[in-house]
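Below: the structure, in structure tokens.
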Amino acid sequence: MENCLFCKIAEKGIPAKIVYEDEAILAFEDIHPKAPTHILIIPKDHFASLNDVPEDKGDLLGHILIKARQIARDKGIAESGYRIVLNTARDSGQDVFHIHFHLLGGRKMSWPPG
Ligand code: 5GP
Ligand code: ZN
């Protein structure tokens with residue numbers, strides 16, 4: 001996908017601090033972290049948001065969650081706790097239209113979210 005920031009990161013055209021990668025997904029540090037641990041996890045294939053992921057891509061979404069859990073363990077926040085956020089479309093505040101899961105932890109978070 002041309003002119004997509006996260007496609008460019010996935011293709012290594014724009015640098016990022018990568019924490020995990022396999023053939024299907026990439027995890028990298030958020031450039032403006034909102035918590036001591038703030039990692040973005042994306043599929044390498046372009047989908048603008050959850051609204052655009054085909055029904056048969058459930059395995060891919062599940063794979064992202066299982067790897068998010070592994071990254072949380074590796075970062076030492078699995079026991080203290082973490083939050084996975086998937087902003088979708090306008091009201092959520094989604095800014096980058098390549099689906100990405102936020103993995104946030106390392107501090108106490110409030111509920112409900114703003
Ligand atoms: P959204 O609001 O779309 O859910 O989240 C987009 C996230 O991408 C934000 O947390 C923002 O800090 C992050 N971000 C935006 N541009 C870049 C970038 O060029 N590199 C990295 N690593 N993160 C970015
Ligand atoms: Zn993209």
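This one's a predicted model, so the numbers in the text were calculated from it and none came from an experiment. Both ligands and their constituent atoms are indexed starting at 1 by order of listing. Just so it is clear, the values below take in all heavy atoms, side chains as well, and ignore hydrogens, waters and symmetry mates.
- Under a hydrophobic-cluster definition in which Ile, Leu, Val, Met, Phe, Trp and Tyr are linked whenever side-chain heavy atoms come within less than 4.5 Å, directly or via other members, Y82 and F101 are assigned to the same cluster.
- For K17, the heavy-atom gap to ligand 1 stays at 4.0 angstrom or more.
- Close approach of ligand 1 to N87 is summarised as follows: ligand atoms under 4.0 Å from at least one heavy atom of the residue are 4 (O).
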Could you list the donor-acceptor pairs under 3.5 angstrom formed by side chains in residues 41-49, with sequence neighbours left out?
unit_1 : atom_1 : unit_2 : atom_2 : d
K44    : NZ     : E21    : OE2    : 2.8
K44    : NZ     : D22    : O      : 2.8
H46    : ND1    : H98    : ND1    : 3.3
S49    : OG     : N51    : N      : 3.0
S49    : OG     : D52    : OD2    : 3.1

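- The shortest N/O to N/O separation between G93 and ligand 1 falls below 3.5 Å.
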* Hey, mind stepping through K75 and L103 against side-chain contact (heavy atoms from CB on, under 4.5 Å) and telling me if it holds? -> CA-CA 11 Å; K75 293 289 180 184; L103 170 62; 5.8 Å; no

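- The proximity of I14 to ligand 1, defined as any non-hydrogen pair under 4.0 Å, does not occur for either the backbone or the side chain.
- For the Zn ion (ligand 2), the nearby protein N/O/S atoms, meaning those under 2.8 Å, are C4 SG, C7 SG, H46 ND1, H98 ND1.
- Every atom of ligand 1 is numbered from 1 in the order shown, and the set under 4.0 Å from a heavy atom of K34 is 10 (O), 12 (O).
- Of all heavy-atom pairs between Q94 and V96, the closest is NE2-O, 3.0 Å.
- Nearest non-hydrogen protein atom to atom 22 (N) of ligand 1 is E29 O, 2.9 Å.
- Polar contact with ligand 1: absent for H38 (N/O pair, distance under 3.5 Å).
- Between G105 and A35, the shortest heavy-atom distance links the atoms O-CB, 3.5 Å.
- Distances between N or O atoms of I9 and those of ligand 1 include no value under 3.5 Å.
- Across L40, I39, L86, a single residue satisfies side chain to side chain contact (heavy atoms under 4.5 Å, CB included) together with H100, and that is L40.
- Closest heavy-atom contact between K12 and I18: CE-CD1, 3.5 Å.
- Both I71 and I77 are part of a single hydrophobic cluster, where members link through side-chain heavy atoms under 4.5 Å apart.
- Residue, atom and distance of the protein heavy atom nearest to atom 16 (N) of ligand 1 are L5 CD2, 3.3 Å.
- Residue contacts with ligand 1: F6 is placed with no nitrogen or oxygen under 3.5 Å of a nitrogen or oxygen of the ligand (distance criterion only).
- I84 and A68 get closest at one heavy-atom pair: CD1-CB, 3.8 Å.
- The residue from D30, V85, I31 that puts a heavy atom closest to atom 18 (C) of ligand 1 is I31.
- The main-chain N or O of C4 is never found under 3.5 Å from a side-chain atom of E2 such that the two would form a donor-acceptor pair.
- Close approach of ligand 1 to D95 is summarised as follows: ligand atoms under 4.0 Å from at least one heavy atom of the residue are 1 (P), 2 (O), 3 (O).
- In this structure, R107 contributes its side chain and K34 its backbone to a donor-acceptor pair below 3.5 Å.
- When side chains are defined from C-beta on, F6 does not count as touching I99, because their heavy atoms never get closer than 4.5 Å.
- Ranking protein heavy atoms by distance to atom 1 (P) of ligand 1, first place goes to H100 NE2, 3.1 Å.
- Against a heavy-atom cut-off of under 4.0 Å, H102 is close to the following atoms of ligand 1: 1 (P), 4 (O), 5 (O), 7 (C), 10 (O).
- Not one N or O of Q94 is nearer than 3.5 Å to an N or O of ligand 1, by distance alone.
- L61 has its side chain within reach of L50: a pair of non-hydrogen atoms, C-beta onward, lies under 4.5 Å apart.
- Looking only at side-chain heavy atoms (C-beta outward), I9 and F28 come within less than 4.5 Å of each other.
- Near L40, meaning under 4.0 Å from any of its heavy atoms, are these atoms of ligand 1: 8 (O), 13 (C), 23 (N).
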